[in-house]
Amino acid sequence: MVQSGKIKAVLFDFDMTLVDSSYAIHHCTNMLAAHLGFREISYSEVLGAIGMTIEDSWRSFWGDFRQEWVDYYRANFRGEEQSRLRLFPNSIDTLKILRKSGCMVGVVSNRRFAKLPVEHLGLTSMLDVVVGLEDVEKAKPNPDSLLKGFASVGVSPSDGIYVGDTDIDMKTSIAAGTRGVGMTTGNFTEAGLKAAGAWRALSDLSEIPLLSE
């Protein structure tokens with residue numbers, strides 16, 4: 001049963017929750033499209049697909065997916081994408097405040113090899129755990145990655161929250177038995193996040209430490 005009161009762990013989605021990755025992904029997706037001779041993808045399409053696995057997002061763009069496309073993308077555009085990632089205002093301050101309060105903090109993402117961009121942005125020392133798609137068999141909204149994150153920090157899901165920007169994140173929270181906090185920094189409105197099951201919907205990460213006061 002999901003409890004109320006003091007929050008012992010806060011786990012975050014990565015893309016569009018801690019980090020504005022939309023322009024980076026949009027730019028590099030279209031670099032791949034140009035290489036493959038595919039149609040250019042609009043920014044709104046990219047924003048709407050963030051939170052999906054890369055396999056599902058590319059199927060939604062081009063109707064197909066091939067592993068060699070991922071291999072080429074990672075070999076040629078991973079550094080370009082990482083260089084264009086931008087932390088949202090208050091991301092670092094929020095992580096520091098949570099850690100100082102004694103809260104366990106981590107990232108749970110549908111990105112494969114999520115530790116790489118986390119390290120690139122200098123966040124590793126501020127986190128107790130990072131779970132990427134390579135660490136589980138099934139992607140969100142299956143709860144496996146979120147359950148693994150809570151287990152890694154030794155906190156019951158009922159004593160924590162999961163912060164994300166999509167309906168997928170909110171459905172994952174419900175499936176894992178934790179409270180989902182929706183951020184309007186992505187493609188979803190407050191109403192959309194609450195309709196997906198969000199316990200709270202916020203617009204600024206600085207509000208997160210206030211939830212258990």
Side-chain angles (χ1 to χ4, degrees), residues 2-25 50-51 79 81-135 140 145-166 168-170 172-173 176 178-188 190 193 198-213:
V2 175
Q3 300 176 4
S4 59
K6 182 171 177 58
I7 295 167
K8 297 179 181 178
V10 181
L11 302 183
F12 293 87
D13 177 47
F14 183 76
D15 295 285
M16 304 310 295
T17 299
L18 288 174
V19 177
D20 187 347
S21 56
S22 59
Y23 297 101
I25 295 173
I50 290 177
E81 181 187 306
Q82 289 185 351
S83 72
R84 292 171 177 262
L85 298 175
R86 297 292 181 267
L87 287 160
F88 280 118
N90 298 320
S91 289
I92 289 178
D93 286 346
T94 297
L95 295 176
K96 287 180 176 179
I97 291 168
L98 290 171
R99 289 291 295 276
K100 187 175 182 180
S101 72
C103 200
M104 303 299 286
V105 181
V107 163
V108 175
S109 173
N110 262 353
R111 272 185 180 256
R112 197 173 297 277
F113 311 119
K115 294 179 179 68
L116 295 176
V118 165
E119 182 177 4
H120 174 78
L121 291 168
L123 300 179
T124 304
S125 64
M126 303 178 194
L127 302 171
D128 298 296
V129 64
V130 178
V131 180
L133 191 54
E134 73 279 6
D135 297 311
K140 299 182 298 183
S145 58
L146 192 49
L147 292 173
K148 184 178 182 69
F150 281 118
S152 295
V153 298
V155 173
S156 168
S158 63
D159 290 322
I161 62 174
Y162 183 50
V163 184
D165 65 290
T166 69
I168 293 173
D169 296 323
M170 299 306 100
T172 306
S173 301
T178 194
R179 290 163 283 184
V181 176
M183 300 302 302
T184 59
T185 45
N187 198 42
F188 280 79
E190 178 180 347
L193 291 163
W199 172 63
R200 298 283 190 274
L202 307 175
S203 60
D204 194 304
L205 287 169
S206 65
E207 300 173 85
I208 297 294
L210 305 176
L211 290 176
S212 63
E213 293 186 352

Closer than 3.5 angstrom, by distance alone: can the side chain of [X] be matched with the main-chain N or O of [Y] as a donor-acceptor pair?
X: E134; Y: F113; value: yes
X: T185; Y: M16; value: yes
X: N110; Y: G51; value: yes
X: Y23; Y: R86; value: no

Worksheet item: Do S145 and D135 have side chains that get closer than 4.5 Å, going by heavy atoms?
Response: no
Worksheet item: Would a 4.5 Å heavy-atom cut-off, applied to side chains only, mark D128 and R99 as touching?
Response: yes
Tell me the closest heavy-atom pair linking [X] and [Y], and the distance in Å.
X: Y162; Y: F12; result: CE1-C, 3.6 Å
X: F150; Y: A9; result: CE2-CB, 4.0 Å
X: F14; Y: V118; result: CE1-CG2, 3.9 Å

Discussion item. Any donor-acceptor pair under 3.5 Å linking the side-chain atoms of D169 with those of T172?
Written reply: no
Response to the item:
Per side chain to side chain contact (heavy atoms under 4.5 Å, CB included), S152 is matched among V130, V129, L11 by V129
Response to the item:
Exactly one of I97, N90, T94, V105 clears side chain to side chain contact (heavy atoms under 4.5 Å, CB included) with I208, and that residue is T94
Item to complete: Could you go through the side chain to side chain contact (heavy atoms under 4.5 Å, CB included) check for E207 and V181 one step at a time?
Response: CA-CA 11 Å; E207 300 173 85; V181 176; over 6 Å; no
Practice prompt. Could you pull out all residues at least two apart from N187 that satisfy side chain to side chain contact (heavy atoms under 4.5 Å, CB included)?
Written response: L47
Worksheet entry | Results of side chain to side chain contact (heavy atoms under 4.5 Å, CB included) for S91 - residues two or more places apart only | L18, L87, F88, L205
Fill in: NZ/K148: more than 12 non-hydrogen atoms of other groups inside 6.0 Å
no
